[in-house]
Amino acid sequence: MSASDDLTMKCWDVSTGQSLMTAKGHSDYVRAGVINSREETQWVTGGYDGVVHVWDTRKGFDSAVMTLKHEDPVESVLLYNNCLATAGGSGLKIWDLSAGKLSNQISSLQKPIVCLSVNKRSTHMLTGSLDHHVKIFDTTHFELAHSFKTKDPILSLDIDGDEKYIAVGTTTGMLSLYERQEPKTKKPVKPTPTPQQKEKKQKTARADGVVVVEFSSHPPKLTKFDKLLFRFQYAEALDTAISIGEPEEVAAMVEEISNRGGIEVALRGRSDEQIVPILKFISKHFHVARTSKIFFSLYSYILDMYGPVLHRSPLTLKQIQEMKDQIEKEMEQQKVLFSLQGCLEHIFQTIS
């Protein structure tokens with residue numbers, strides 16, 4: 001599922017990279033979307049047009065099965081139990097999906113809420129805002145249970161399943177991990193520190209219960225392989241790896257594409273001229289022990305997909321014959337090694 005500035009929401013086949021369905025119900029940027037984990041046919045989108053659409057994939061994306069008016073530009077949507085939370089502007093609204101009506105709302109916030117999360121038991125909801133505040137509400141009466149302030153405006157947050165850690169990402173590229181602290185027993189009163197001791201403490205002090213990990217505000221530079229994989233361009237990724245000619249890199253690429261279920265996509269629709277470089281590469285590096293299993297699997301895919309037509313081209317027929325010779329040569333070497341192994345075992349038994 002993807003939501004986009006082109007006013008659409010799309011459903012994608014991850015293995016092929018093809019768009020399966022497109023929803024066009026918004027009149028402004030679509031910035032929020034979620035799939036119901038309990039009922040995967042229910043999808044929700046929210047846009048800067050202040051509208052939230054509920055979709056049923058069984059009925060298609062021609063029209064939404066329910067439309068809710070949040071009024072302010074929607075930044076985040078969250079499904080829990082049979083309720084829907086929508087955040088945008090300075091307000092948080094809770095909707096009863098069974099009745100399609102507003103059941104609760106909070107509007108005493110200074111700046112827009114941009115992210116939402118709920119704990120595993122769905123008893124508390126977390127909100128993150130550009131006003132630097134994380135606020136935690138109980139989901140029964142939506143009373144404020146706890147809050148804390150971060151150094152920078154918040155963009156994302158989440159809570160772990162054990163409800164021990166809260167991760168908060170901010171506009172400066174910082175990820176802060178807050179740990180829930182158990183109530184502490186009272187400690188004996190310490191003597192008042194001197195000004196020198198206070199200055200030293202300020203230099204070395206860290207916030208209790210938080211570990212801060214700094215990331216660059218600029219995304220890491222991706223390799224050409226990664227860019228092609230992220231775009232689901234499996235055929236181009238395989239050809240690029242083979243053109244470089246490093247067996248380990250090609251094997252890693254083939255394995256990654258296979259894990260994504262995209263081998264058939266990478267090999268589909270190729271001409272004889274496009275098949276030959278792959279066959280030639282496999283034939284050349286088939287003997288490398290670390291990668292032979294992966295290359296043999298790739299070779300088997302090619303035979304399964306193009307077997308009936310490979311003999312029609314002299315180019316592919318030549319490569320298949322070379323591959324056959326390589327396999328026979330490898331088998332002869334294996335026979336010799338097994339024979340030597342038998343001789344060595346006999347010698348060791350005689351010695352012992």
Side-chain angles (χ1 to χ4, degrees), residues 12-18 220-352:
W12 300 86
D13 185 330
V14 177
S15 62
T16 63
Q18 299 297 317
K221 187 176 181 180
L222 299 177
T223 65
K224 190 173 183 180
F225 295 149
D226 291 332
K227 290 179 181 178
L228 293 171
L229 287 175
F230 287 153
R231 296 170 186 163
F232 305 104
Q233 297 176 344
Y234 298 139
E236 291 82 353
L238 179 59
D239 292 341
T240 302
I242 288 177
S243 66
I244 294 175
E246 293 295 333
E248 288 78 9
E249 291 189 4
V250 176
M253 178 61 64
V254 172
E255 192 170 21
E256 178 63 23
I257 294 174
S258 180
N259 291 337
R260 292 168 175 243
I263 284 292
E264 292 188 9
V265 177
L267 297 175
R268 187 185 303 152
R270 289 178 177 267
S271 63
D272 297 337
E273 289 77 11
Q274 293 172 319
I275 287 290
V276 167
I278 303 176
L279 293 175
K280 187 179 293 186
F281 187 89
I282 295 174
S283 178
K284 182 178 179 181
H285 300 285
F286 180 75
H287 64 281
V288 180
R290 297 187 301 274
T291 58
S292 59
K293 186 177 180 180
I294 296 174
F295 290 156
F296 185 77
S297 176
L298 180 61
Y299 183 69
S300 298
Y301 269 108
I302 294 174
L303 292 182
D304 290 341
M305 296 178 65
Y306 295 97
V309 297
L310 287 176
H311 67 280
R312 299 178 186 176
S313 169
L315 295 175
T316 56
L317 193 60
K318 179 183 177 182
Q319 294 304 321
I320 291 175
Q321 184 60 48
E322 288 184 4
M323 187 64 184
K324 180 182 177 183
D325 294 341
Q326 288 284 347
I327 294 175
E328 290 178 351
K329 183 179 178 181
E330 186 70 22
M331 291 178 65
E332 288 297 327
Q333 291 177 350
Q334 291 293 330
K335 289 180 181 179
V336 173
L337 290 174
F338 279 122
S339 177
L340 289 173
Q341 183 180 9
C343 293
L344 290 173
E345 288 177 355
H346 179 70
I347 292 172
F348 290 138
Q349 288 177 358
T350 303
I351 295 173
S352 61

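All residue numbers refer to positions in the sequence shown, counting from 1.
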**Q** Hey, can you tell me if Phe295 and Phe281 have their rings parallel, tilted or perpendicular (30° and 60° cut-offs)?
**A**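 Answer is perpendicular, since the angle exceeds 60°.
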
**Q** Quick check for you: to the nearest 0.5 Å, what is the distance between Ser292 atom OG and Ile282 atom CD1?
**A**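 Going from the OG atom of Ser292 to the CD1 atom of Ile282 covers 12.0 Å.
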
**Q** In chain order, what residues pass the side chain to side chain contact (heavy atoms under 4.5 Å, CB included) check against Ser258, with sequence neighbours excluded?
**A**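 With neighbours one apart ignored, the set is Ile263.
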
**Q** Ignoring hydrogens, what is the shortest heavy-atom contact between Glu264 and Met305? Give both atom names and the distance.
**A**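 For Glu264 and Met305, the tightest heavy-atom pair comes out as O-CE, 3.8 Å.
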
**Q** Can you name the side chain to side chain contact (heavy atoms under 4.5 Å, CB included) partners of Gln18, sequence neighbours left out?
**A**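 Checked Gln18 against side chain to side chain contact (heavy atoms under 4.5 Å, CB included); matches are Thr16.
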
**Q** Just how far is it from atom CG of Leu298 to atom CD1 of Ile294, taken to the nearest 0.5 Å?
**A**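 Here the interatomic distance stands at 10.0 Å.
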
**Q** Please tell me whether Glu255 and Asn259 have a donor and an acceptor in their side chains that are separated by less than 3.5 angstrom.
**A**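 Looking only at side-chain atoms, Asn259 and Glu255 do not form any donor-acceptor pair under 3.5 Å.
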
**Q** Hey, could you give me the CD/OG1 distance between Gln233 and Thr240, rounded to the nearest 0.5 Å?
**A**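 One finds 9.0 Å between CD of Gln233 and OG1 of Thr240.
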
**Q** For residues 297-308, which residue pairs pass the salt bridge (Lys or Arg N to Asp or Glu O under 4.0 Å) check, not counting sequence neighbours?
**A**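 As it turns out, there is no salt bridge (Lys or Arg N to Asp or Glu O under 4.0 Å) pair with a partner in residues 297-308 once direct neighbours are skipped.
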
**Q** To the closest 0.5 Å, what do you measure between CG (Leu238) and CG (Leu228)?
**A**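 The CG atom of Leu238 sits 11.0 Å away from the CG atom of Leu228.
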
**Q** Can you name the side chain to side chain contact (heavy atoms under 4.5 Å, CB included) partners of Phe232, sequence neighbours left out?
**A**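 Phe232 satisfies side chain to side chain contact (heavy atoms under 4.5 Å, CB included) with Val14, Tyr234 only.
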
**Q** Quick check: closest heavy atoms across Thr291 and Pro247, and the distance to 0.1 Å?
**A**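 For Thr291 versus Pro247, the nearest heavy atoms are CG2-O, 3.9 Å.
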
**Q** Kindly write out the residues that satisfy salt bridge (charged side-chain N to carboxylate O under 4.0 Å, His left out) with Arg268, not counting sequence neighbours, or none if the list is empty.
**A**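 Expected list: none.
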
**Q** Rounded to the nearest 0.5 Å, how far does CG of Leu279 lie from CG of Asp272?
**A**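 If I round to the nearest 0.5 Å, the distance is 10.0 Å.
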
**Q** Does any pair with a residue in residues 293-303 pass side-chain hydrogen bond (donor to acceptor under 3.5 Å, both in side chains), and if so which ones, sequence neighbours excluded?
**A**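 Listed once each, the pairs would be none.
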
**Q** How far does CG of Leu267 sit from CD of Gln274, to the nearest 0.5 angstrom?
**A**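 Answer for the CG-CD pair, Leu267 versus Gln274, is 11.0 Å.
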
**Q** Tyr306: which residues meet the ring-ring contact (aromatic ring centres under 6.0 Å, His included) condition with it, sequence neighbours left out?
**A**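 Tyr306 satisfies ring-ring contact (aromatic ring centres under 6.0 Å, His included) with no other residue.
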
**Q** Quick one: salt bridge (charged side-chain N to carboxylate O under 4.0 Å, His left out) partners of Glu248, sequence neighbours excluded?
**A**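 Scan of Glu248 (salt bridge (charged side-chain N to carboxylate O under 4.0 Å, His left out), adjacent residues dropped) gives Arg290.
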
**Q** According to salt bridge (charged side-chain N to carboxylate O under 4.0 Å, His left out), who are the partners of Glu246, at least two apart in sequence or on a separate chain?
**A**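 For Glu246, no residue satisfies salt bridge (charged side-chain N to carboxylate O under 4.0 Å, His left out) once neighbours in sequence are set aside.
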
**Q** List the residues meeting side chain to side chain contact (heavy atoms under 4.5 Å, CB included) with Lys280, not counting sequence neighbours, and say none if there are none.
**A**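 Listed in chain order: Val276, Gln319.
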
**Q** Can you name the nearest heavy-atom pair linking Ala266 to Ala235, along with the distance?
**A**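 Smallest heavy-atom distance, with atoms named: O-CB, 3.5 Å.
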
**Q** Kindly state each residue pair satisfying salt bridge (Lys or Arg N to Asp or Glu O under 4.0 Å) with at least one member in residues 229-245, sequence neighbours excluded.
**A**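 Listed by first then second residue: Asp239-Arg270.
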
**Q** Identify, with sequence neighbours excluded, every residue that meets side chain to side chain donor-acceptor pair (under 3.5 Å) alongside Glu256.
**A**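 Listed in chain order: Arg260.
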
